[in-house]
Amino acid sequence: MMDNGATSTKEERFLSRMALNDNKAGMEGLDRDKINKIIMESSKGSKFYENELKREQQVNRRIEKMMLQKAQITEQQLKKAQVQVEKTASVLEMSRDLSRVIVHVDMDAFYAAVEMRDCPELKDKPMAVGSMSMLSTSNYHARKYGVRAAMPGFIAKKLCPNLVIVSTNFDKYRAVSDEIREIFADYDPHFQPMSLDEAYLDFTDHLEQRQSWPESSRTHRYRSRSITELPQESALEETDLSPVLFEDSPNSSLGLLGSEGAAGDAFEVFGTSVEEAVREMRFRIEQKTRLTASAGIAPNTMLAKVCSDKNKPNGQYRLPSTREAVMDFIENLPVRKVCGIGKVSEKMLNALSISTCSHLGQQMALLSLLFSETSWHHFMEVSLGLGSTFIPRHEERKSMSTERTFRELSKAEEQFSLCRELCEDLAEDMKKEDLKAKTVTLKLKNVNFEVKTRALTLPYAVATVDEIFAVAKDLLKTEIENESPQPLRLRLMGVRVSAFVSLDDKKPLQKSIIGFLQPGKTESSGSSKDMHQNLEKENHSLQASPLVCPPLMQKYQRKEEAVKSSTKANDNKNAHASTSGCGGTSSETLTCPVCFRRVETTDLNIFNSHIDHCLNDPTRKPNQSTASDSESDLDLENDHQESEVVHRRRGECEAEGEMSKNSEELSRDSPHEGQQSLKNRDSKDVTSQQPQSCNSKGPVLICPVCQLTQETDDLTVFNHHVDLCLNQQVLHELGGQTSSSRNPPAVKNINIRGKCVYYMKLFSTFSLNTNPILCTFSLCCMTALETRCEHNVGILSPFK
DNA sequence: ATACATACC
DNA sequence: TACTGGTATGTAT
């Protein structure tokens with residue numbers, strides 16, 4: 001009886017893992033039960049099935065644990081969590097940025113569409129790209145049968161016996177991808193490709209310019225059919241493939257359309273609205289490639305991604321940039337649609353009766369108690385309809401790997417030679433990108449589909465076949481020995497390298513910080529380009545997450561970029577300052593990133609004290625100091641060093657909004673750990689925060705942003721104040737016109753903060769253990785940085 | 001740092 | 001017959 005019960009539960013739960021995923025476009029209204037039955041019948045008893053079952057049970061245990069935890073939560077805890085969550089929400093809310101226009105473009109059934117285009121026979125047949133073992137994608141016809149990506153071909157065949165399976169032609173897809181990317185670049189030169197067929201674009205700048213474009217610049221011709229390589233089918237194809245016009249287009253210029261028959265001369269004029277611009281882009285894609293794309297338009301990437309799916313295929317959807325529209329949109333959005341919430345997260349959330357984003361918002365307090373900080377922060381952003389409002393430039397790669405699946409391989413000898421082959425392939429790939437890595441990971445999957453990884457990090461970097469194989473071989477050998485006298489029965493082997501070091505020098509980091517703080521040194525120790533690269537690298541080691549960049553700092557980036565040109569214009573002056581000013585003798589001094597004065601020491605501890613002082617002393621702020629000429633030069637010089645590197649870097653990730661957010665949440669959300677230890681670590685500095693002038697009664701802290709004293713010694717409260725203050729200042733500053741000389745304080749403060757943050761960043765990189773804490777605010781920055789570095793963030797998503 | 005899990009295309 | 005491959009990141013130890 002018990003057995004029975006357990007078995008039936010097993011089966012039932014198993015379904016959720018194994019069953020058809022019909023949340024993709026083109027899969028609505030299918031006979032799920034029938035499809036699932038076929039899938040089950042095809043899978044049952046296989047090793048794969050058994051393994052999936054095992055994993056499913058693991059997830060179930062995880063859920064049970066979570067439910068147990070949930071049961072132990074008291075009303076009081078929940079209430080307290082609710083307060084925290086609401087506070088965090090209000091801070092997040094303040095950072096909402098609806099000013100950007102983000103577009104997510106996604107080709108429709110990409111590989112399948114390419115194959116259909118090139119083989120008209122396939123046009124009205126259900127087809128898929130891949131193999132009997134695995135499909136990459138299927139056309140919409142096949143989707144009606146439940147055939148979809150990531151399904152093995154042999155099961156797909158059972159669902160749809162007439163299915164035609166075409167093998168992949170990656171070179172072709174890459175070529176098409178290059179074509180569409182050319183078009184993307186016209187709308188956003190910094191667009192971010194997510195795969196061959198998908199990209200995020202920031203349309204904001206394009207739209208601004210577009211307003212003043214003449215019609216001629218917005219006019220695009222239909223593909224000239226007489227030149228088409230496939231003349232006889234092209235007429236058919238055109239009607240077939242080109243539902244270019246959409247009812248939703250606001251000012252559709254139907255009247256200008258050429259007749260269907262007339263080749264060559266037909267053209268269309270597109271308007272200046274977002275919809276028109278995106279429609280134009282999709283039109284051009286189709287004319288150029290004879291393939292269709294779908295797009296989503298929204299104020300951030302997370303939403304844009306969801307929107308692009310909404311009217312797929314060959315459609316687009318715009319989510320207006322108002323809070324109301326966003327919240328309405330989110331309301332009934334299934335959590336599974338959100339990038340970053342997959343099968344498992346969905347199941348866990350479902351167990352808590354959460355299936356839509358509005359549920360997510362309603363249950364935040366609970367979620368904050370049951371999930372990790374990163375997770376619930378992500379949930380929180382999702383529930384508020386927040387996401388990344390800028391397109392992060394592509395980060396340097398963090399790993400490279402190659403793996404192969406094969407029929408059972410049990411002989412050690414063969415395993416070693418396969419391992420070597422993999423290393424050869426990998427070394428070749430590494431060479432193409434000039435990479436050297438310190439970590440080698442071996443991946444093994446046995447015939448029961450159990451996956452194992454074994455890694456080793458070396459004190460040096462490797463790049464050649466022999467070097468990599470030497471490590472991989474050892475790892476493999478250990479595994480074989482562990483299993484002996486049984487052989488390892490493998491079905492997959494893979495080798496991955498990670499922890500890359502930059503090929504040129506890879507100097508000790510300590511040197512770089514000195515270099516950075518010694519303006520003259522840039523010139524003397526190498527070209528500024530080298531410096532740039534060094535810093536860039538260090539930067540990358542810190543760039544935890546390319547995904548979620550908070551709105552505020554994103555703004556900085558754009559701002560800094562705007563400033564960059566003017567900074568560059570000062571290059572002459574800078575060069576002058578650093579050579580004639582103090583270039584040669586600066587090896588004994590460091591430049592304070594707060595006051596920009598030289599500090600005559602090379603002792604970082606002393607220097608650190610100076611900065612402590614500076615941060616707490618308003619008169620040291622450059623905008624208030626009596627900026628003599630020489631100081632201005634220093635200032636510029638400093639900027640010169642930073643212009644290329646720091647400014648970009650700032651924008652990239654160490655977003656200030658994120659910092660305040662992180663620190664804010666960190667300090668409150670993990671009272672046991674974060675806040676407590678922070679406070680302990682900081683107690684001395686809190687005291688030092690107290691203004692010398694005001695050594696009065698109650699505890700007082702000075703806000704580094706508004707400079708006003710805050711009558712509290714509660715770091716959480718103070719922290720919150722600083723966050724609010726910062727947000728307000730930044731928003732105000734950015735909301736207003738260009739920073740006229742009328743309004744320097746805010747700007748200056750921001751800059752100071754930027755440098756301060758950067759400074760902290762360096763320090764956290766170099767693990768300077770002595771006096772790492774400069775002041776409460778810096779601590780927040782630093783903590784936030786550390787948090788970032790350790791936990792990364794995602795997404796926003798997609799990604800955040 | 002390592003291992004394993006989740007997610008995305 | 002037959003359930004991928006590549007990359008990044010989150011979670012746990």
_is_close_aromatic(A/Phe191, A/Tyr200), centroid dist under 6.0 Å_ = no

*Ignoring hydrogens and angles, does a donor from either the side chain of A/Ser43 or the base of C/dC3 sit under 3.5 Å from an acceptor on the other?*
yes

*asked:* Taking the cut-offs as 6.0 angstrom to the six-membered ring centre and 45 degrees off its axis, would you call A/Lys47 and A/Phe449 a cation-pi pair?
replied: no

*Given B/dC9, is OP1 or OP2 found less than 4.0 Å from the side-chain N or O atoms of A/Ser136?*
no

*asked:* What is the separation between atom CD on A/Glu373 and atom P on C/dT11, rounded to the nearest whole Å?
replied: 10 Å

*How long is the line joining CE of A/Met493 and C1' of C/dG6, in whole Å?*
18 Å

*What is the nucleic acid contact for A/Leu135, judged by heavy atoms within less than 4.0 Å: base, sugar-phosphate only, or nothing?*
nothing

_A/Arg62, nearest nucleotide to its side chain (from B/dC8, B/dA5, C/dC3)_ = B/dA5

*Which part of the nucleic acid, if any, lies within contact of A/Leu196, taking any heavy atom under 4.0 Å across all strands shown: a base, the sugar-phosphate backbone alone, or nothing?*
nothing

_Between A/Arg174 and A/Glu179, does any side-chain N to carboxylate O distance fall below 4.0 Å?_
no

_Quick check on B/dT2: is either OP1 or OP2 less than 4.0 Å from any side-chain nitrogen or oxygen of A/Thr457?_
yes

*Distance in angstrom units between A/Arg496 CZ and C/dT4 P, rounded*: 17 Å

*C/dC3 P sits how many Å from A/Arg148 CZ, rounded?*
19 Å

*Whole-Å distance separating the CG atom of A/Leu458 from the C1' atom of B/dA1*: 12 Å

*Separation of A/Phe371 atom CZ from C/dT11 atom C1', in whole Å?*
13 Å

*asked:* What's A/Met151 touching, base or sugar-phosphate or nothing? Going by heavy atoms closer than 4.0 Å.
replied: nothing

*Name the nucleic acid region contacted by A/Lys47, choosing base, sugar-phosphate or nothing; use a 4.0 angstrom heavy-atom cut-off, strictly under.*
nothing

*Side chain of A/Arg491 only, please: which of C/dG5, B/dA5, C/dA2 is the nearest?*
C/dA2

*Counting side-chain heavy atoms from C-beta on, which of C/dT4, B/dT6, B/dC9 comes nearest to A/Phe449?*
C/dT4

*A/Asp474 CG to B/dT2 P: how many Å, rounded?*
14 Å

_Minimum-distance nucleotide to A/Ala455 side chain [options: C/dT7, B/dT2, C/dT4]_ = B/dT2

*Answer with base, sugar-phosphate or nothing: what part of the nucleic acid does A/Thr441 contact at a heavy-atom distance below 4.0 Å?*
nothing

*Looking at every strand, decide which applies to A/Thr137 at a 4.0 Å heavy-atom threshold: base, sugar-phosphate, or nothing.*
nothing

*A/Cys339 side chain, from C-beta outward: closest of B/dA5, B/dC8, C/dG5*: B/dC8

*Residue A/Lys398, side-chain heavy atoms: nucleotide from C/dG6, C/dA8, C/dT4 that is nearest*: C/dA8

*When all nucleic acid strands are considered with a 4.0 Å heavy-atom cut-off, which category describes A/Val497: base, sugar-phosphate, or nothing?*
nothing

*Are OP1 or OP2 of B/dC4 and a side-chain N or O of A/Thr453 less than 4.0 angstrom apart?*
yes

*Does a donor on one side chain sit under 3.5 Å from an acceptor on the other, for A/Glu115 and A/Asn169?*
yes

*To the nearest 0.5 Å, what is the distance between OG1 (A/Thr405) and CG (A/Leu492)?*
4.0 Å

_No-hydrogen, no-angle side-chain donor-acceptor test under 3.5 Å, A/Ser43 and A/Ser46_ = no

*Nearest nucleotide by nearest heavy atom, which residue falls closer to the 5' end of DNA chain B, A/Ile341 or A/Thr439?*
A/Thr439

*Tell me yes or no: between the side chains of A/Asp108 and A/Ser294, is some donor less than 3.5 Å from an acceptor?*
yes

_Side-chain N or O of A/Ser401 versus OP1/OP2 of C/dG6: is the shortest distance under 4.0 Å?_
no

*asked:* Is the positively charged end of A/Arg181 above the ring of A/Phe184, judged by distance under 6.0 angstrom from the centroid and angle within 45° of the axis?
replied: no

*For atom C1', what is the distance between B/dA7 and C/dT4, given to the nearest Å?*
15 Å

*Given B/dT2, C/dT11, B/dT6, the nucleotide with the shortest approach to the side chain of A/Ser372*: C/dT11

*Does A/Thr402 place a side-chain N or O at less than 4.0 Å from the phosphate oxygens OP1/OP2 of C/dG6?*
yes

*asked:* Nearest to the A/Arg407 side chain among C/dT7, C/dT1, B/dC8, which nucleotide is it?
replied: C/dT1

*Closer than 4.0 Å, any side-chain N/O of A/Arg55 to the OP1 or OP2 of B/dA5?*
no

*What integer distance in Å separates A/Glu346:CD from B/dC8:C1'?*
15 Å

*Select one nucleotide: of C/dG10, B/dA5, C/dC3, the one nearest the side-chain heavy atoms of A/Ser375.*
C/dG10

_With nearest nucleotide decided by heavy atoms, which residue, A/Pro152 or A/Lys65, maps closer to the 5′ end of DNA chain C?_
A/Pro152

_Side-chain N or O of A/Thr405 versus OP1/OP2 of C/dC3: is the shortest distance under 4.0 Å?_
no

_A/Lys305 side chain, from C-beta outward: closest of B/dC9, C/dG5, C/dT4_ = B/dC9

